[in-house]
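First the proteins, then the strands, lettered A, B, ... as listed; each starts at 1. Both backbone and side-chain heavy atoms feed into the values below; hydrogens, waters and symmetry mates do not.
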Protein chains: 4
Amino acid sequence: MHADAKALHNRLRRIEGQVRGLQRMVDEDAYCIDILTQVAAVQTALEHVAVEVLDAHVRNCVADAVAGGENGEGDAKLDELMAAVRRFAKVR
Amino acid sequence: MHADAKALHNRLRRIEGQVRGLQRMVDEDAYCIDILTQVAAVQTALEHVAVEVLDAHVRNCVADAVAGGENGEGDAKLDELMAAVRRFAKVR
Amino acid sequence: MHADAKALHNRLRRIEGQVRGLQRMVDEDAYCIDILTQVAAVQTALEHVAVEVLDAHVRNCVADAVAGGENGEGDAKLDELMAAVRRFAKVR
Amino acid sequence: MHADAKALHNRLRRIEGQVRGLQRMVDEDAYCIDILTQVAAVQTALEHVAVEVLDAHVRNCVADAVAGGENGEGDAKLDELMAAVRRFAKVR
């Protein structure tokens, strides 16, 4: 996943820039609602990172373990996957 | 998944009862915060239903298609699964 | 909030019907992804109930306590409100 | 809110560090599930920022407008607040 890793890295650099932008907004005493809007934008960007990582994981790692893995390896990967989905969806 | 279907059905009957309880709370003009707490309880119960259905789907349907499916069937199931995860996690 | 209570009650009756529809889907062994789509519809409907209740609460109860309440009453309502928002937004 | 602004700024600097940590994980080809766990940690940290900003906003800006604002000012603030809560809770 070399090309994907580069795209992911760049995406995270943009997020880093957005977080620095938030620091400036706080320093300059920006209006609360504008800060909240910008926090929401960073959260959306992070969700896209998470979905991309989850997608690559399911298509490569999990699919391989299910299709060709030794006894129980596929099941272990599916357990781990469902735990990640639960955390991601903030299931209470 | 016969046993699971029965458990799921019962879980949904309890949720139906909780929703009727909410109607009574509204009729009796209960305190807003108490209504919100009860709405949150129903949402949590529904999330558990969703996770259970997703779990069964991944372990049966998706795993079978990936392990033994014809050309492209596994990929189609994974596309469908990731779309469901995205919706479930409310990715914007 | 009499008119609103009636609208809210009707909304909850529709949600009750949707939950019964889910029971039928489970009984008839519907496709998992279709069940998940229907669960998501119920969750969206419940969110709208929660937002409506929260909205009425903020505009009546909280606003009154803040505007005219005795010492500390407004603060207590704001504490309670923020706790409800936190739960609603599933802040971890 | 000078003391709070300083605390918020520091919190955002820690988040910036976490995002840089994520870049390193991607560069070093870390295990997907570990990356997802770290993304979730950043999301939790951002939620706490959002709640803190929302809290300060409600207790200062909104409460002032409701308690002493001119005609309609309180209502306008409550509209804006509810829109922010809706976005924050990702109401569909």
Side-chain angles (χ1 to χ4, degrees), chain B residues 1-2 4-62 77 80-81 83-85 87-88 90, chain C residues 1-2 4-62 77 80-81 83-85 87-88 90:
Chain B
M1 71 173 229
H2 283 193
D4 289 355
K6 188 146 183 54
L8 213 52
H9 180 100
N10 290 339
R11 215 185 255 263
L12 285 163
R13 289 209 50 176
R14 275 195 298 279
I15 292 173
E16 189 193 332
Q18 287 178 303
V19 174
R20 266 201 301 271
L22 271 167
Q23 290 167 31
R24 270 192 305 277
M25 291 179 85
V26 168
D27 294 345
E28 295 164 3
D29 202 15
Y31 185 48
C32 295
I33 297 289
D34 294 337
I35 297 179
L36 286 172
T37 301
Q38 183 61 9
V39 171
V42 181
Q43 285 176 316
T44 302
L46 274 171
E47 276 169 17
H48 287 132
V49 166
V51 164
E52 220 168 282
V53 172
L54 194 61
D55 197 83
H57 181 62
V58 166
R59 284 173 205 281
N60 301 316
C61 194
V62 178
K77 285 294 173 205
E80 196 185 55
L81 171 68
V85 168
R87 237 178 308 131
F88 181 51
K90 301 211 259 170
Chain C
M1 73 171 232
H2 282 193
D4 288 355
K6 188 148 181 54
L8 213 52
H9 180 100
N10 290 340
R11 215 183 254 264
L12 285 163
R13 290 210 46 178
R14 276 195 298 278
I15 291 174
E16 188 193 330
Q18 287 177 303
V19 173
R20 267 201 300 272
L22 273 167
Q23 291 167 31
R24 270 193 305 279
M25 290 180 86
V26 168
D27 294 346
E28 295 164 3
D29 201 15
Y31 185 48
C32 295
I33 296 289
D34 295 337
I35 298 179
L36 286 172
T37 301
Q38 184 61 10
V39 171
V42 182
Q43 284 175 317
T44 302
L46 274 172
E47 276 170 15
H48 286 132
V49 167
V51 163
E52 221 168 279
V53 173
L54 194 61
D55 197 84
H57 180 62
V58 166
R59 283 172 206 282
N60 300 316
C61 194
V62 178
K77 285 293 173 204
E80 196 186 55
L81 171 68
V85 168
R87 237 178 309 130
F88 182 50
K90 301 211 257 170

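- Most heavy-atom pairs under 4.5 Å with chain C: of the set B/Val39, B/Ile33, B/Thr37, B/Val42, this distinction falls to B/Ile33.
- For B/Arg20, the side chain to side chain donor-acceptor pair (under 3.5 Å) test picks out B/Glu16, C/Glu16, with sequence neighbours left out.
- Between C/Leu22 and the options B/Leu12, B/Val53, B/Val49, a side chain to side chain contact (heavy atoms under 4.5 Å, CB included) holds for only B/Leu12.
- Atom CG of C/Leu36 is separated from atom CD of B/Glu80 by 9.5 Å, given to the nearest 0.5 angstrom.
- Taking NE2 of C/His57 as the start and CD1 of B/Ile35 as the end, the distance is 10.5 Å to the nearest 0.5 Å.
- Between chain C and the residues B/Asn10, B/Ile15, B/Asp27, the most heavy-atom pairs under 4.5 angstrom are made by B/Asp27.
- Heavy-atom distances place no part of B/Arg24 under 4.5 Å from chain C, backbone and side chain included.
- Contacts classified as salt bridge (charged side-chain N to carboxylate O under 4.0 Å, His left out) and involving residues 30-50 of chain C (residues at least two apart or in different chains) are given here: B/Lys90-C/Glu47, C/Glu47-D/Arg92.
- For a residue to count as touching a neighbouring chain, one of its non-hydrogen atoms must lie under 4.5 Å from one of that chain's; by this rule B/Ala40 does not touch chain C.
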